[in-house]
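Owing to the predicted nature of the structure, the values given are computational and were not obtained by experimental measurement. Chain identifiers are assigned alphabetically (A, B, ...) following the order of the sequence lines, protein sequences preceding nucleic acid strands; residue numbering begins at 1 within each chain.
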Amino acid sequence: MEAVHHETSLLLAIILLPMVGSVLVGLFARHSSERTVSILSVGAVGVSFVLALIAFIRLYGLAVGDTSPVLVQQVYEWFELTVPGKGPVPINVRFAMDTLSGVMALVVTGVGGLIHLYAIGYMHEDRSYARFFSYLNLFTASMLILILASNLPLMFVGWEGVGLCSYLLIGFWYENRDYAAAGRKAFVANRIGDFGVLIAMFLIVGVAGSFEFSDINHLAAESAHFTATAAGAGFGAAFPAHPFGLSATFATVACLFLFLGCTGKSAQIPLFVWLPDAMAGPTPVSALIHAATMVTAGVYLCCRLSPLFLLSDVAMAVIAVVATVTALLAASIALVQKEMKKILAYSTVSQLGFMFAGVGVGFFSAGFFHVVTHAFFKACLFLGAGSVMHAVGAHGDADLTKVGGLRKYMPITRWTFLFACLSISGVPLTAGFFSKDELLLGAATMALHGGKTGSPAGWFTYVGLVLAATMTAFYMFRLYFLAFTGDYQSAKGAHDGGSGAGHDDHGYDPHPHESPGSMTFPLIVLGIGSLIVGYLGLPEIVPFVHTHFPIPNWWNEWLGRSVAHLPGHGAHGEVTDFLPSDMANAGGLLAMLVGIGLAWVMYRNKPLKEPEAPGGFYRLLRDKWRVDELYDATVIGPTKALSLFGGRADQTFVDGILARFTQAAVGLTGWVSSRAQTGSMPLYGMVMTVGVLGLLTWFVTPHARLTIEPSGGQTARLVAAAGPGYEYRWDFDNDGRPDTGWSRAPEQTHTYAPSAYEGYELLAIYPAMPVRGERRFKVGDTWTELPFDARFPGWRTRAGALPPTARQTARGIELRPNGADLRFAGPVEDGAATLPPRRIVTLGGVNLIALPKVRSTVEVRNAFGSVSNDTVEVTLPGPIQRRAALDPAEVQR
Amino acid sequence: MNPHLLTGLLVLPLFGMILLLCLPRTWERALKIVGVGTMLLEFALSLQLLAGDYSTAAYQFVERYPWIITSTVRIHYHLGVDGISLWLVLLTTFISPIALYASWSTITTRIKEYAFAFLLLELAMLGVFFSLDLFLFYVFWELMLVPMYLIIGVWGHQDRVYAALKFFLYTTVGGLLMLIAILVLVGSYAKASGGPYTFELAKLTTLVLPASTQYWLFAAFALAFAIKVPMVPFHTWLPDAHVQAPTGGSVVLASVLLKLGIYGFLRFAMPLFPIASQFFGPTLAMLGVVGILYGACVAWVQRDLKKLVAYSSVAHMGFILLGMFAMEPHAVEGAILQMLNHGVSTGALFILVGVIYQRRHTRLFDDLGGLMKPMPIYCLVFVVVTMSSIGLPGTNGFVGEFMILSGAWLSRGPVGLGHWWLPMTLFATAGVIFAAIYMLHCVLRMFWGPVTHEENAKLPDLHLSEKIVLAPLIVLIFWIGFFPMTFLKPMQPSVANFLDTFDARYRQALLMNVDEPQILAALPSEPTDPASALAYADDAAPATHLTATRRAIAPTREAPKVTETGPEADAIEEQAR
């Protein structure tokens, strides 16, 4: 698809409206009436929705032919990075709306707006009414930034922004410490995911040199195309990846790190544990943030970067399997819970697993289709649960053992709730049916056609999803029957009225009532939406009939403009293989029938009876597989213990060594020296005598100290340390026979004869290496390998052979080049050549010089006649003779 | 452009101090006004620095006058500001009045001396940032110690004397070792040049020392700076000093004093000893990463609010160390930006701690809790600052951390983190998780939950004066968060120049591989012709010996005689003599 960019100025306004609303409500309308607050915040989101709709309609008009229209708005340059080899990479505040983000923006502002409206009634008379709406508006703004950002860092602003709002809203009723702790848990779990997103960003910018989604996707698509072409040309897997593109390995690592971020934000294994706790927040929050929008951000991100994900089969398989396991695990927990919101929470985790399974099998648009249908039915379910809680006066969550038969009291809530249940269970012709059908189709396609002979991960996904769908239908209708059929359980007890809201040991309000209009209106819209929104994406073929629908799948066609898809799953593909479609439909219908049937038999018109002594597996399910306990024992506990240890060690050990040890050492020194101050005159006298004697001894002993400074050539200046009345005698060649008589001159200049050489030092000069320099080597009497510094790698590369070995002989330094090209001055005898003193030879591009070492001694005599001596060794530097001009041929001869 | 702006900035606090001395100690209100007023004037004056030309890496507002000039010693009063120091100077002048003003709620005794000490401290800190002469730098560096020692020791809390002494000893030990290193360095330069002892930074950076000498001198400098930063394991003075210091002292300590260590690395230690700093750099960065995780873990289990904030400083400074030694342009820019960020957000945190301490006379979490109910605005501000501290996008912390971490990730050149870039970046990035853990733990224990103590139920919310103090900090948090280019643009040329020069000097020093100190007049832009290294041998010059090899590698050698920077400088010196 060719992306066509169109400038717009609408996008910033869409985002700014709720943001300004949030600031106004939060800072300046704190003490205003509920009416003012409602108008400001609901109005902001409402106008934002209208603007988003206008932008969407413009986008719709632009989507002609085979193009992918994008509305973009560059606001300003945020900051910039410098990537080595790629130059400066600007990070822009730049917004973009394409067919994918357009849909999501409509969902966020539309469903979000309805939930805002609902909250007017739900939060009525709450002490922090304005604060709530301020947070809610801030959330909407952050979510819009997440969706409309055109690059990763800006998306990350929204990504963490929604996390912050989630944190603030879960802990909204801050006086309950558990709620606040749940908020913290959510934030930290999200942060672990954010770690993955950050690393993925660094990975991507290092290789792609850009943060812009369009650039990354373009590069990924090109790389895929290149690989496919190469494979088609017969090179197969052995052919290297696109030289400037993204390799499959890179894509695997980057996608897995991104997916780690998604597991945090979208509550997948292993980071899903925060979402059920997050239901501590007010119900509209659960509906908006923890069901309809924020938690689907992970799916959105995967769709956004779909070409990148498609590069890595491994990452896709991992996503499919993890998502399926999450769907199964969460659905199994939901089977036995007895609170309404808890069931819905696990249901959300499970449904998110469905969506990611769609991503994992490469059906991105199907995954995202489920995001949208889920937004409708899950928001409707949560708001319905909220309506129930509002009606019976429950606070926090509604206990299913205390409700029942509510259809008599609240018909609107009951019908809309039923619609949503039908939809989520996948009853034919509802929204959930169509989206789940697409997901199962994806899994079946992967099972049959993934890889060469079908894919085990595909089979696992397909079977897992069918099982999870069965459980879904079962627990949803269990919930529906327990809440709305049978008799109202709190009516007969009538313990002490509704004032005991929030206390589990009391019954609920004996006279439940339908909720006010501002709450039921959103319910009606969402309930109808749960039934009809699926018609946006009619399947390609009519189930079991194997003929095409007369109208094409609008959804896949629309999303296909911005989201990549597996080859063979195109928007305009002619379907020839009907088996996956039949598998999907059969599986979906079977799951729905079995699930609803079982729930009908077990729970219709019956109150919930908890088993007296629950069996092992039942209890394990009710305890949510004890994942929290597992994390406590394996991760959180040890970390905390380590921190406590660190906190103590910091005071005792680190501080102890540095401060207290030093302090003790100083104290000890002081104590020892103070012990010496005994006041005893004999002791003082003795110490003084010893001191004076010591000084005298030092004074009468001569101290010979010789330094030799080569002054060029074979000449050197010898200097001996001066002293009182010193006389010097010199032995230049160190043969034990003094060369001069005693004299008072402490300085001598001597020219050494070759006979005085004591040995040789090897000097290597690197003339042509990237980094030039020189090294000196001490060479012994036995053959030793010359230890060239790794910093100067020239030796090996130049010679193409092993480093040479060397040893010292009387004539100079003998070299045995280990197969290096011999370009030597001098004859080679027995495979070794002698390096004469002060002569440059070249070996493997390195110039070698053997420098003579000499040793001299000075004797010193002082006025008392005592004598001492000092011997010093020095290397004579020059002069160096002209290089011998021998060609290799001559050497070999 | 005012040619004497920097001197003006140093003199203004002096005037304030003299004025304070002239006022009687009973005129408390007047003393307070003079103290804060001088600092506000100072801030207004320092804004003129922005008029400089920061599109180049050259020092702006340079002032250079002979100070101690004898036949053997050349010490100059040499000041200048570039993109690296610009924001640190502005941070100093910005934070100082805030810190002093925030102190007035708790400081009731010896007001005159307190204001005096603060002005002296500001003067010394600015002096360190301005100095381009090592002697002058050292004087200001040690001068800084005195007022801070007094502020902790006189106006601190219960264990103030212990904390002050510890602070003093730690920093003095580092400072003295640095002094020795400075003297060795200056001596080597004089020996190599055959000229007088000069302390000028610009000249000393042309000295190429043998690697082994560099290691020792760098170690001495690095110890002084690492203690100041503070880097693990030299950090234990910090919690004590912070907990015992009065609010104003903590604010200045966290906001500015800690930055001086990093600034010392950037301005002095790294340019002077390139081989050594590349040799030790990855290790120091690793200690930075250790600091991030260790500081976070230890902060998590603190029971005292102020200690938690102090340990969070250790973690934040770890990020800055990592960014600095990553030696990537945006990592170093990020490190400098993060210094501002830390100054702003940790300064704000200490002010917030001071607010609650003044009301409740306790900082233990066990005595707090549920403060959201009585103090909603305080809570809001606290949460905003917390989010800045844990680097939430949209606040200042994110931009700095992101630049540092991405820079560390990309740091794979010849200079930088070396082979350890991957684990270092991974662990440092994991630090953002820990930051969330300990800061949210702090928020949870202070604000959420029911009010557990009777005394807390009726605590008054932020007063107007406290709001005035905090408002500019909050504005800066979002300003840097949303528009960081305002701050990054002026520092980019200086940072680029710093890195280019470092890289060139590092390569040159490696290449020369000297045994004796040598002076380079200028860096060759291209490596010299390979053949020239042995040219002398082929010419068979009779008196040539081997040291000529090194000369040939560096053909543009400075003449042995010391040349000053220009004719007018010489003229000034002539007059001085």
Side-chain angles (χ1 to χ4, degrees), chain A residues 76-84 153 156-157 160-161 164 167 171 174-177 180-181 184 187-188 191-192 194-195 198-199 201-202 205-206 639-640 642-644 646-647 650-651 654-655 658-659 710 712-713 763 765 767-768 771-774 791 840 847 877-883, chain B residues 166 233-234 236-237 294 297-298 300-302 328-330 370 372-373 387 392-394 399 402-403 405-407 409-410 412-413 425-426 429-430 432-433 436-437 440-441 444 447-450 484-485 488 507 510-513 527 530-531 533-534 537-538 540 542-547 549 553:
Chain A
Y76 62 91
E77 187 188 324
W78 192 15
F79 58 104
E80 77 179 18
L81 304 183
T82 315
V83 178
F156 195 66
V157 174
E160 288 233 310
L164 169 71
Y167 162 73
Y174 53 84
E175 281 172 63
N176 186 328
R177 217 173 160 132
R184 182 180 61 163
F187 197 96
V188 172
R191 267 263 154 160
I192 296 174
D194 296 346
F195 161 77
L198 277 173
I199 296 290
M201 278 200 259
F202 302 153
V205 78
T639 313
K640 183 97 191 178
L642 200 68
S643 299
L644 278 169
D650 196 62
Q651 291 302 307
V654 182
D655 204 21
L658 270 167
L763 175 74
I765 301 176
V771 180
R772 281 157 294 123
E774 54 173 68
R791 198 186 294 147
I840 297 175
N847 296 293
I880 294 165
Q881 290 168 10
R882 180 179 288 275
R883 177 169 16 193
Chain B
K166 196 167 177 179
F234 307 112
T236 52
W237 64 270
Y294 181 77
C297 283
V298 178
W300 186 22
V301 296
Q302 294 305 314
E328 280 295 318
H330 60 270
M372 173 78 177
K373 196 167 184 150
M387 291 304 149
L392 197 82
V399 182
F402 190 82
M403 292 179 83
L405 292 172
S406 60
W409 182 271
L410 298 170
R412 296 164 213 174
T425 318
L426 282 180
T429 311
V432 303
I433 304 172
I437 292 178
L440 293 186
H441 174 75
L444 180 73
F447 297 107
W448 308 149
M485 281 313 264
L488 290 173
R507 284 166 188 275
L510 268 192
L511 183 146
M512 288 171 73
N513 192 25
L534 283 171
D538 285 330
T544 319
H545 56 90
L546 266 185
T547 47
T549 317
I553 292 169

Practice prompt. Can you measure from CZ (A/Phe187) to CD1 (B/Ile433) and round to the nearest 0.5 angstrom?
Written response: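 Nearest 0.5 Å value for the CZ-CD1 distance: 11.5 Å.
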Worksheet item: For A/Leu164, is it the side chain, the backbone, both, or neither that has a heavy atom closer than 4.5 Å to a heavy atom of chain B?
Response: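 Contact with chain B: side chain only.
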Worksheet entry | Side chain, backbone, both or neither of A/Glu80 within contact of chain B (heavy atoms, under 4.5 Å) |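 For A/Glu80, backbone and side chain are both near chain B.
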Discussion item. Give me the atom names and distance for the closest heavy-atom approach of B/Lys373 to A/Tyr174.
Written reply: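 That would be CA-OH, 3.6 Å.
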Practice prompt. Please report the closest heavy-atom contact between B/Leu444 and A/Ala180, naming both atoms and the distance.
Written response: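 The answer is CD1-CB, 3.3 Å.
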Item to complete: Go through the atoms of B/Leu488 and report whether side chain, backbone, both or neither lie under 4.5 Å from a heavy atom of chain A.
Response: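 Answer is side chain: those atoms of B/Leu488 sit under 4.5 Å from chain A.
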Item to complete: Measure B/Lys166 against the heavy atoms of chain A and call it side chain, backbone, both or neither at under 4.5 Å.
Response: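 Answer is side chain: those atoms of B/Lys166 sit under 4.5 Å from chain A.
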Worksheet item: Could you go step by step and tell me if B/Phe402 and A/Phe79 meet the side-chain contact (heavy atoms from CB on, under 4.5 Å) rule?
Response: CA-CA 10 Å; B/Phe402 190 82; A/Phe79 58 104; 3.7 Å; yes
Options [options], ranked by heavy-atom pairs under 4.5 Å with chain B, top entry:
options                                : value
A/Ile199, A/Leu642, A/Asp194           : A/Ile199
A/Glu77, A/Arg191, A/Arg184, A/Lys640  : A/Arg191
A/Asp650, A/Val157, A/Leu198, A/Leu644 : A/Asp650

Worksheet entry | Test item: B/Glu328 and A/Pro84 side chains (from C-beta on) under 4.5 Å apart, heavy atoms |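 Yes, at least one pair of side-chain atoms sits under 4.5 Å.
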Discussion item. side-chain contact (heavy atoms from CB on, under 4.5 Å), that's the test. Do A/Val205 and B/Trp409 meet it? Break it down for me.
Written reply: CA-CA 10 Å; A/Val205 78; B/Trp409 182 271; 6.0 Å; no
Practice prompt. Against chain A, work out which of B/Ala430, B/Pro450, B/Pro233, B/Ser406 has the most heavy-atom pairs shorter than 4.5 Å and name it.
Written response: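 Of B/Ala430, B/Pro450, B/Pro233, B/Ser406, B/Ser406 has the most heavy-atom pairs under 4.5 Å with chain A.
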Item to complete: With a 4.5 Å cut-off on heavy-atom pairs, point out which of B/Gly449, B/Pro484, B/Cys297 contacts chain A the most.
Response: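 Heavy-atom pairs under 4.5 Å are most numerous for B/Gly449.
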Item to complete: Identify the residue among A/Val83, A/Leu81, A/Thr82 that makes a side chain to side chain contact (heavy atoms under 4.5 Å, CB included) with B/Pro329.
Response: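 Going through A/Val83, A/Leu81, A/Thr82 one by one, the side chain to side chain contact (heavy atoms under 4.5 Å, CB included) with B/Pro329 is satisfied by A/Thr82 alone.
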